[in-house]
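When a ligand or atom number is given, it counts from 1 through the structure's own listing order. Residue numbers start at 1 and run along the sequence shown.
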Amino acid sequence: MEVEPEQTFIMIKPDGVQRGLVAEIIARFERKGFTLRGLKLQNVQQSFAEKHYEDLSSKPFFRGLVQYIVSGPVVAMVWEGKGVVSTGRTIIGATNPAQSAPGTIRGDYAIDIGRNVIHGSDSVESAKKEIHLWFPEGIVQWTSSLHSWINEQ
Ligand SMILES: Nc1ncnc2c1ncn2[C@@H]1O[C@H](COP(=O)(O)OP(=O)(O)OP(=O)(O)O)[C@@H](O)[C@H]1O
């Protein structure tokens, strides 16, 4: 039986877009060898931001987080590849940029937890939920011709 390829939902938050980090962030995922399956720039409605972050609704920073996410356009993406959820989180770095290692996106480009540039799904299950929420129209079906140069099988 063929195993479904793993996918993750990555969002460049409004500060990442405003600061011109879109190309840099995409490049890091591309060069690692992951495959881009969905990409769009969009403004987010308050109710949609609340839905995306519903698990955090009881947190004291929830209001501020929602305001931050609706404050400008975000880039929503789906990336695919072996272990992409966990490796994606490693590429992104720890939630608080003060603790993110240099070489990670947050370690290199952020200082404040409330302006940490990027979101990545924290499990395969939440990735499925987030991809369904952000890409109800579906994602792009294609196979990269580099696949066998990056993956042993
Ligand atoms: N103490 C805090 N103060 C302000 N904002 C916070 C705080 N903790 C978390 N956040 C914001 O909420 C987001 C979601 O928090 P969560 O704990 O799910 O971290 P995460 O999974 O690393 O982040 P993300 O879901 O954005 O990838 C964080 O990325 C950050 O933008």
Worksheet item: Does an N or O anywhere in G114 fall below 3.5 Å from an N or O of ligand 1?
Response: no

Worksheet item: With no hydrogens and no angle check, is any side-chain donor or acceptor of S100 less than 3.5 Å from a backbone partner on G93?
Response: no

Worksheet item: Nearest protein heavy atom to atom 21 (O) of ligand 1, by residue and atom, and its distance?
Response: R89 NH1, 2.9 Å

Worksheet item: Would you say D122 touches ligand 1, if touching means a heavy atom closer than 4.0 Å?
Response: no

Worksheet item: Does any donor atom in the side chain of S123 or S126 lie under 3.5 Å from an acceptor atom in the other side chain?
Response: yes

Fill in: For atom 30 (C) of ligand 1, closest protein heavy-atom neighbour
I113 O, 3.4 Å

Fill in: Mutual orientation of the aromatic rings belonging to W134 and F48 [parallel < 30°, tilted 30-60°, perpendicular > 60°]
perpendicular

Worksheet item: Tell me: protein heavy atom nearest atom 14 (C) of ligand 1, and distance?
Response: L56 CD1, 3.4 Å

Item to complete: Give me the ring orientation class for F34 and F29: parallel if the planes are under 30° apart, tilted from 30 to 60°, perpendicular past 60°.
Response: tilted

Worksheet item: For atom 23 (O) of ligand 1, which protein heavy atom lies nearest, and how many Å away is it?
Response: R106 NH2, 3.6 Å

Item to complete: Would you mind checking which non-hydrogen protein atom is closest to atom 20 (P) of ligand 1, with the distance to 0.1 Å?
Response: T95 OG1, 3.4 Å

Worksheet item: Is K13 in contact with ligand 1, taking contact as a heavy-atom separation below 4.0 Å?
Response: yes

Practice prompt. Any atoms of ligand 1 less than 4.0 Å from a non-hydrogen atom of G120? List them with their elements.
Written response: 27 (O)

Discussion item. Does the protein place a non-hydrogen atom closer than 4.0 angstrom to atom 8 (N) of ligand 1?
Written reply: yes

Practice prompt. Taking only Lys NZ, Arg NE, NH1 and NH2, and the carboxylate oxygens of Asp or Glu, determine whether R28 and E24 approach each other closer than 4.0 Å.
Written response: yes

Discussion item. Check this for me, if you would: do E6 and K128 make a salt bridge, where the nitrogen-to-carboxylate-oxygen distance has to be below 4.0 angstrom?
Written reply: no

Discussion item. For T35, is there any backbone N or O sitting under 3.5 Å from a side-chain donor or acceptor partner on W142?
Written reply: no

Practice prompt. Quick one: look up the protein heavy atom nearest atom 6 (C) of ligand 1 and list residue, atom name and how far away it is.
Written response: F61 CD1, 3.5 Å

Practice prompt. Could you check atom 24 (P) of ligand 1 against the protein and tell me its nearest heavy-atom contact, residue, atom and distance included?
Written response: H119 ND1, 3.0 Å

Worksheet entry | Under 4.0 Å to a heavy atom of Y53 - the qualifying atoms of ligand 1, by number | 14 (C), 25 (O), 26 (O)

Discussion item. Tell me whether the count of non-hydrogen atoms from other residues, nucleotides or ligands lying under 6.0 Å of NZ in K40 goes above 12.
Written reply: yes

Practice prompt. Kindly identify the option in I69, L65, I92 whose heavy atom sits closest to atom 11 (C) of ligand 1.
Written response: L65

Worksheet item: Do you know the tightest heavy-atom contact between G72 and P14?
Response: O-CG, 3.5 Å

Worksheet item: If every non-hydrogen atom of V22 is compared with every non-hydrogen atom of I12, which pair is closest and at what distance?
Response: CA-CD1, 3.8 Å

Practice prompt. Among all protein heavy atoms, pick the one closest to atom 28 (C) of ligand 1 and tell me residue, atom and distance.
Written response: N116 ND2, 3.6 Å

